[in-house]
2 protein chains.
Amino acid sequence: MTSKTRRRPAGQVSGENIVIEAAWMYYNDGLNQNEIANRLQVSRATVVNYLQEARERGYIRISLSPEAFTSHNLAQKLRDRFGLQAAFLLPEGIGTAEETLLRVARGAADWLPHLLGSGDRLGVAWGRTVYEVAEAVERTQLSDVTVTQLVGSMATPYGFTAEICSANMAQNLGAKCINLHAPAVLSDPELATRLRAEPIIHAQLEALSHCNKAIFAAGSIAPDSHIVGSGVASSEDLEWYIRHGAAGVLCGRFIDAQGRFIPGDLDARMIGVELDKLLGLDMGLLVSVGADKVGPMLAAIAGGYVTHVVTSVETARGMLDKA
Amino acid sequence: MTSKTRRRPAGQVSGENIVIEAAWMYYNDGLNQNEIANRLQVSRATVVNYLQEARERGYIRISLSPEAFTSHNLAQKLRDRFGLQAAFLLPEGIGTAEETLLRVARGAADWLPHLLGSGDRLGVAWGRTVYEVAEAVERTQLSDVTVTQLVGSMATPYGFTAEICSANMAQNLGAKCINLHAPAVLSDPELATRLRAEPIIHAQLEALSHCNKAIFAAGSIAPDSHIVGSGVASSEDLEWYIRHGAAGVLCGRFIDAQGRFIPGDLDARMIGVELDKLLGLDMGLLVSVGADKVGPMLAAIAGGYVTHVVTSVETARGMLDKA
DNA sequence: ACAATATGCTGACATTTGTCAAAAACTGTG
DNA sequence: CACAGTTTTTGACAAATGTCAGCATATTGT
């Protein structure tokens, strides 16, 4: 450069502005970095820095359009076969089960904001999958959306509890959050009854019964299921429910293959949404993946809790095969 | 490659799927094209093709976040000075006035979907700027939004008429559209009265008076203004209004520098929204740019029609200077 | 069955983008 | 005003991405 180099004044408007300017030229006007460098009278390397800064500050948002995942063949089949409003299928790739779960969670996270609108009250269940979805939601600012914790908390060795799921979800969506300040399961039914009558808890339970949308995963009934690992149910409980026809778990409650609620010993001691409150919602978003979840997912769908599904292509195939 | 090359079956699910898979790996998993090529067992050049296809099909959406443009210094000044809810300022760059207009229009188009929600009824005015905004809106699918044409049609030599503005807008937003099937201005007041009483027209006028949001530009009162060019007003009309204090044009009506409606000969012959219907809306989105628009924009703001502004940095400076 | 046509893939090369250490410009201090 | 400490910019190099002609495999028509 012939003349003296001019630096952008730190912390000034124009300083921020030039970053936006560069980002706009690059992403909207389609100029390449050389052209931008010429116009802004800086070196190309500087343009690279500006663009990086723009990305770091979150000015640039790249997303895969939901249509790509809801429109293809298998998704339509799934929709038609199970009477869903929409299905969102993620490709597996070569990755491990863990990677696939994260991918599905990110897919759900991308999709979720499109499914919410002003005035919605979203019930959030609990589980590893739901936790990852909450984490993966891009920071947005939805207007007038409330997030509600659907089931009480539990001491989990996994590090994700029900209130963390709902709190993160609300945080990232820019929504209000109503937590449920009670354990998911108590040792004594009478204590549970009294706790439910407590004004604070009562108000929270009241709030969650007015959700119009919900997001949840299908819980498996394998012996290593989280429902046991998190201490909600004991191994004996689980066996008892399996003997009585359990096919899956939904918001801490056991359901059979037709999706019917299986009443049992636990219910009187639990604090959380009752399954019939999840029927007839504007949206029931089921997010789950894996061969072991096929049965539980089909059960949840059969029970009429589900309007939208996010899962992997592989799992979707499994569902169509088994049904 | 050692083995025979395998081609993806044309027109099949997996064919579409592999494109999505590649796009996902690239944009979400952050893999580079080489890594993707290895995993998919194709050449890197093929991955390039997949990604291009994904972009062409609109699977990938890149946008600049509105926060970047509404949060900076000058935007805040504008907001505070004029009591706006938000201002969205686009950098000029080096481009021509034409380029700047397109840039501002694209900015407004990016922002607009964020400002609309379920149940909204958006009134759409007319003009070059509004037309470009409508064109630039990315195809989306808003639920339960209605777009309404605010002013009647006119024979314009420019190729953008009021109904094209509203129709394109509705199309691209995925909204319902209510057009106004009448000319903007008639030769005879009596005919205008009768036309307004026609059931179809009456219903449409009724509909547009129930908008809760609106998008419009400020019209200049220069002799080469579109209001003359499109035949809505004659040069004599324009001069008359200027003598009576006109500072700008809003939805075909003349206003003075304080934003007060200037009644005149034209009004009885016009078919379109009346200015008082635009007061007190949830949103009045003013999109305009250029030195000649500063006066009209200030007039519109003074009149209380405006809650949100999209313009260029330069124009914003002009507004602050002049006010 | 065979040629003609269409489609998708690839390797080699061209262009664009990213990295990094060093230089330049600014800031605050004695 | 010299200085040490930061921040920003830059040039040279490395890596990633885009292009395109030609080839291989399907599909179509006869």
Side-chain angles (χ1 to χ4, degrees), chain A residues 1-64 68 72-73 91 93-94, chain B residues 1-64 68 72-73 91 93-94:
Chain A
M1 191 171 289
T2 59
S3 69
K4 280 197 219 173
T5 57
R6 266 167 303 169
R7 300 172 67 255
R8 69 182 157 123
Q12 297 235 23
V13 181
S14 58
E16 178 155 303
N17 219 33
I18 201 166
V19 171
I20 295 172
E21 169 101 38
W24 184 274
M25 288 191 197
Y26 192 74
Y27 289 102
N28 283 57
D29 296 338
L31 305 183
N32 66 30
Q33 298 179 353
N34 264 315
E35 295 174 298
I36 296 171
N38 289 337
R39 297 208 188 187
L40 296 181
Q41 296 287 313
V42 295
S43 75
R44 197 185 55 75
T46 301
V47 174
V48 174
N49 289 337
Y50 290 168
L51 293 176
Q52 250 166 12
E53 191 169 338
R55 280 187 286 259
E56 273 160 25
R57 291 199 201 168
Y59 291 170
I60 287 127
R61 201 148 286 191
I62 298 182
S63 60
L64 301 198
H72 77 19
N73 227 315
I94 319 294
Chain B
M1 189 172 291
T2 59
S3 68
K4 282 195 216 175
T5 57
R6 265 169 302 171
R7 302 171 67 253
R8 66 180 159 125
Q12 296 236 19
V13 181
S14 59
E16 177 155 306
N17 220 32
I18 201 165
V19 171
I20 295 173
E21 168 100 38
W24 184 274
M25 288 190 196
Y26 193 74
Y27 289 102
N28 284 56
D29 296 339
L31 304 183
N32 66 31
Q33 298 180 353
N34 264 315
E35 295 173 297
I36 296 171
N38 289 337
R39 297 208 189 186
L40 296 181
Q41 297 286 316
V42 296
S43 75
R44 196 186 55 74
T46 302
V47 174
V48 174
N49 290 335
Y50 289 167
L51 292 176
Q52 252 167 10
E53 190 168 341
R55 280 187 285 259
E56 273 160 24
R57 292 199 201 169
Y59 290 170
I60 287 129
R61 200 150 287 192
I62 299 182
S63 60
L64 300 197
H72 77 18
N73 228 315
I94 318 294

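Here is how names work: the chains are called A, B, and so on, in the same order as the sequence lines, proteins then strands, and each is numbered from 1. All values derive from a computational prediction rather than experimental measurement.
Side-chain N/O atoms of A:Gln33 include one lying less than 4.0 angstrom from OP1 or OP2 on C:dG18. Phosphate contact (OP1/OP2 of C:dG18, side-chain N/O of A:Arg55, threshold under 4.0 Å): present. Neither OP1 nor OP2 of C:dC9 sits under 4.0 Å from any side-chain N or O of B:Gln41. Taking 4.0 angstrom as the limit, B:Tyr50 places a side-chain polar atom (N or O) nearer than this to OP1 or OP2 of C:dC9.
Note: CG (A:Leu40) to P (D:dT8) measures 16 Å, nearest angstrom. Atom P of nucleotide C:dG18 and atom CD1 of A:Ile36 are separated by 11 Å, given to the nearest angstrom. In this structure, CG of B:Asn34 is placed 8 Å from P of D:dT17, rounded to the nearest angstrom. Atom CZ in A:Arg44 sits about 15 Å away from atom P in D:dA14, given to the nearest Å. Remark: P of C:dT17 and CD of A:Gln52 are 13 Å apart, rounded to the nearest angstrom. Summarising the geometry, the separation between CD on B:Glu53 and P on D:dG18 is reported as 15 Å, rounded to the nearest angstrom. Put simply, CG on A:Asn38 is 12 Å from P on D:dT10, counting in whole angstrom units. Atom CD1 in B:Ile18 sits roughly 11 Å away from atom C1' in C:dG8 (whole-Å rounding).
Between D:dA12, C:dC9, D:dG11, one nucleotide has an atom nearer to the side chain of A:Ser43 than all others, and that is D:dG11. With D:dC20, D:dT10, D:dG18 as the choices, the nucleotide that has an atom nearest any side-chain atom of B:Ala45 turns out to be D:dC20. In the set D:dG18, D:dA16, C:dT19, the nucleotide with an atom closest to the side chain of B:Asn32 is D:dA16. Among the nucleotides D:dG18, C:dT10, C:dG18, the one closest to any side-chain atom of B:Thr46 is C:dT10.
Here CD of B:Gln41 is found 10.0 Å from CD1 of B:Ile18. Values are rounded to the nearest 0.5 Å. Residue A:Asn49 holds its CG atom at 9.5 Å from CD of A:Glu56, rounded to the nearest 0.5 Å.
The minimum heavy-atom distance between A:Val47 and A:Gln33, with the atom names listed, is CG2-O, 4.0 Å. Across all their heavy atoms, B:Pro91 and A:Glu21 have their closest contact at CB-OE1, 2.9 Å.
Considering only heavy atoms from C-beta on, A:Arg61 stays 4.5 Å or farther from B:Leu64 through its side chain.
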